[in-house]
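Have a look at the structure below, then the notes.
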Amino acid sequence: MGGRVVDPQGLEFQDPAQVDLVGVFDSYAAAEEAWRGCAQRTVDDAEMKYVIVNLHKLLEPELPSK
């Protein structure tokens, strides 16, 4: 997901309603490939940031990371 951030070093989006949700992927590699494409398209805009969100960590934070 990505969008305009308040501070380029942070993760607070200026307008959460305008966040670009890129997709749900079956592997980290697929998510990283999509992230790279989005990040490259917006590389000249310091206020745009794309991140990979691990949904399983949000749904079950007590599980150990693999």
Side-chain angles (χ1 to χ4, degrees):
M1 64 187 235
R4 294 201 172 284
V5 290
V6 174
D7 175 1
Q9 295 182 352
L11 291 174
E12 181 183 350
F13 291 102
Q14 290 179 11
D15 184 359
Q18 296 297 315
V19 168
D20 178 23
L21 298 176
V22 178
V24 176
F25 301 92
D26 63 352
S27 69
Y28 188 86
E32 185 176 27
E33 184 177 337
W35 168 81
R36 286 188 189 282
C38 292
Q40 275 303 117
R41 277 196 319 275
T42 60
V43 71
D44 293 329
D45 187 345
E47 292 183 340
M48 287 294 288
K49 180 178 269 189
Y50 278 84
V51 294
I52 296 173
V53 178
N54 292 309
L55 293 178
H56 70 281
K57 289 182 182 179
L58 294 174
L59 297 173
E60 298 180 297
E62 68 281 350
L63 290 178
S65 296
K66 292 183 181 181

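Keep in mind that what you see is a predicted model, and the values were worked out from it rather than measured.
- More than 12 heavy atoms of other residues, nucleotides or ligands shown are found within 6.0 angstrom of CD on Glu32.
- Remark: Arg4 CZ to Phe13 CZ distance equals 12.0 Å, nearest 0.5 Å.
- Take Asp44 and apply the salt bridge (Lys or Arg N to Asp or Glu O under 4.0 Å) test, not counting sequence neighbours, and it matches no residue.
- Trp35 and Val53 fall into different hydrophobic clusters, where Ile, Leu, Val, Met, Phe, Trp and Tyr side chains are chained together by heavy-atom contacts under 4.5 Å.
- Put simply, the side chain of Lys49 gets close to the backbone of Gly10: a donor and an acceptor are under 3.5 Å apart.
- Contact check for Asp20 versus Val22: side-chain heavy atoms found under the 4.5 Å cut-off.
- Closest heavy-atom contact between Ala34 and Phe25: CB-CZ, 3.5 Å.
- The same ILVMFWY cluster, assembled from side-chain heavy atoms under 4.5 Å apart, contains both Tyr50 and Tyr28.
- Val24 and Ile52 fall into different hydrophobic clusters, defined by Ile, Leu, Val, Met, Phe, Trp and Tyr side-chain heavy atoms under 4.5 Å apart, directly or through other members.
- In this structure a side-chain-to-backbone donor-acceptor pair under 3.5 Å is missing from Glu47 to Val5.
- Checking side-chain atoms of Ser27 against main-chain N and O of Ala30 turns up a donor-acceptor pair under 3.5 Å.
- Cluster membership for Met1 and Leu11, using ILVMFWY side-chain heavy atoms within less than 4.5 angstrom, is shared.
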